[in-house]
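Whatever order the structure lists ligands and atoms in, that order sets their numbers, starting from 1.
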Amino acid sequence: MISLKPDFCDIELPEQQYSIEDYSSSKARWCSGCGGHTILNSVQKLCTEEQLPPEKTVFVSGIGCSSRFPHYMKTYGFHGLHGRAFPVASGVKFRRPDLHVFIVTGDGDCCSIGAGHWVHAIRYNMNMVALLFDNSIYGLTKKQTSPTSPLGTISNTHPTGSVLPPINPIQATLGLPNVSFVAQTVDWKPKHLYATIKKAYEHKGLSFVRIVQRCPIWMKDSYEPTVKDPDAITLLHHKDGILLDEKGMKSFRHVVEHDPSNIVKAREVAELVKETTPIGLFYQNENNSRYDEYGAHNLGITKEERINAIDSMMDRYAI
Ligand code: SF4
């Protein structure tokens with residue numbers, strides 16, 4: 001409670017409380033049954049539980065179905081260019097380290113045209129959360145093969161089936177220098193999805209979360225068996241990993257112990273994807289260099305001085 005001075009007023013005002021409506025903008029225009037809806041719900045829940053000030057929270061996206069995300073959040077947002085979510089978000093975070101910055105990207109946006117930016121954002125390791133909505137197809141443009149489409153996927157670009165093996169975004173990220181947080185979840189396990197996004201938010205560094213996302217319009221046959229088959233998912237469990245309550249744990253038939261401080265083992269577990277979909281925390285290391293911190297030291301100014309400098313620069317353009 002905020003207590004105002006008694007000689008001024010003795011009424012006690014409650015601290016500002018944000019409800020989920022404070023983060024919800026227009027109704028999401030994704031298809032019915034799209035995995036994007038549950039991801040949006042989880043992110044809005046996180047914002048509410050963490051009481052993130054909407055004016056201090058930014059969602060940056062590229063292009064694609066998932067990249068409509070900033071429109072559905074009543075926060076700041078930037079719906080930008082294809083593949084450019086990472087550099088735009090990095091610029092925001094570098095100059096405004098006080099903001100909560102989230103990156104929303106899709107498999108085409110991140111792993112194809114944006115792959116170069118993805119690699120360097122992982123290496124720069126700035127304190128942000130990157131959510132990769134991976135439905136393994138270009139959905140917005142009506143079914144073209146994406147870099148994560150399974151071999152043999154029939155699409156408009158490959159009517160007789162795709163011919164190249166897909167990129168495994170977890171494996172690729174774990175191979176990058178200075179990687180500090182890699183996790184995987186699925187949109188149809190809301191407890192695990194939420195716990196993963198929360199763990200990513202709490203991490204100090206660039207948190208990379210791949211969310212296996214249903215696209216019932218173009219990839220129904222690909223995801224339906226995984227959603228229905230309890231043997232299709234393996235839960236990674238560890239006291240330092242993503243923790244679920246007893247009820248949440250019971251919804252998984254296959255559980256393996258995996259210590260997220262072991263990057264060599266994490267790379268081996270990422271290979272499991274050929275037989276099953278492993279979900280959980282693959283790797284975490286909060287001791288890696290963070291470019292957002294280095295940048296402040298390098299400029300010889302404090303975080304506050306950096307924010308004031310960008311504010312006065314922007315004021316020059318105020319109308
Ligand atoms: Fe979601 Fe697929 Fe529809 Fe895009 S096309 S909104 S990914 S269901």
*Ion pair K265/E268, N-O distance below 4.0 Å*: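 Salt bridge between K265 and E268, a charged N being under 4.0 Å from a carboxylate O: yes.
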Aromatic centroids of [Y] and [X] separated by under 6.0 Å:
X	Y	result
H79	H71	yes
Y138	W218	no
F208	F181	no

*Quick one: name the protein N/O/S atoms under 2.8 Å from atom 4 (Fe) of ligand 1, chain by chain.*
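Near atom 4 (Fe) of ligand 1, below 2.8 Å, one finds C65 SG.
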*Under a single-linkage definition using a 4.5 Å side-chain heavy-atom cutoff for Ile, Leu, Val, Met, Phe, Trp and Tyr, are Y223 and L140 assigned to the same hydrophobic cluster?*
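As far as the 4.5 Å side-chain criterion goes, L140 and Y223 are not connected within one cluster.
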*Mind checking what makes salt bridge (charged side-chain N to carboxylate O under 4.0 Å, His left out) contact with K142, not counting sequence neighbours?*
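K142 satisfies salt bridge (charged side-chain N to carboxylate O under 4.0 Å, His left out) with no other residue.
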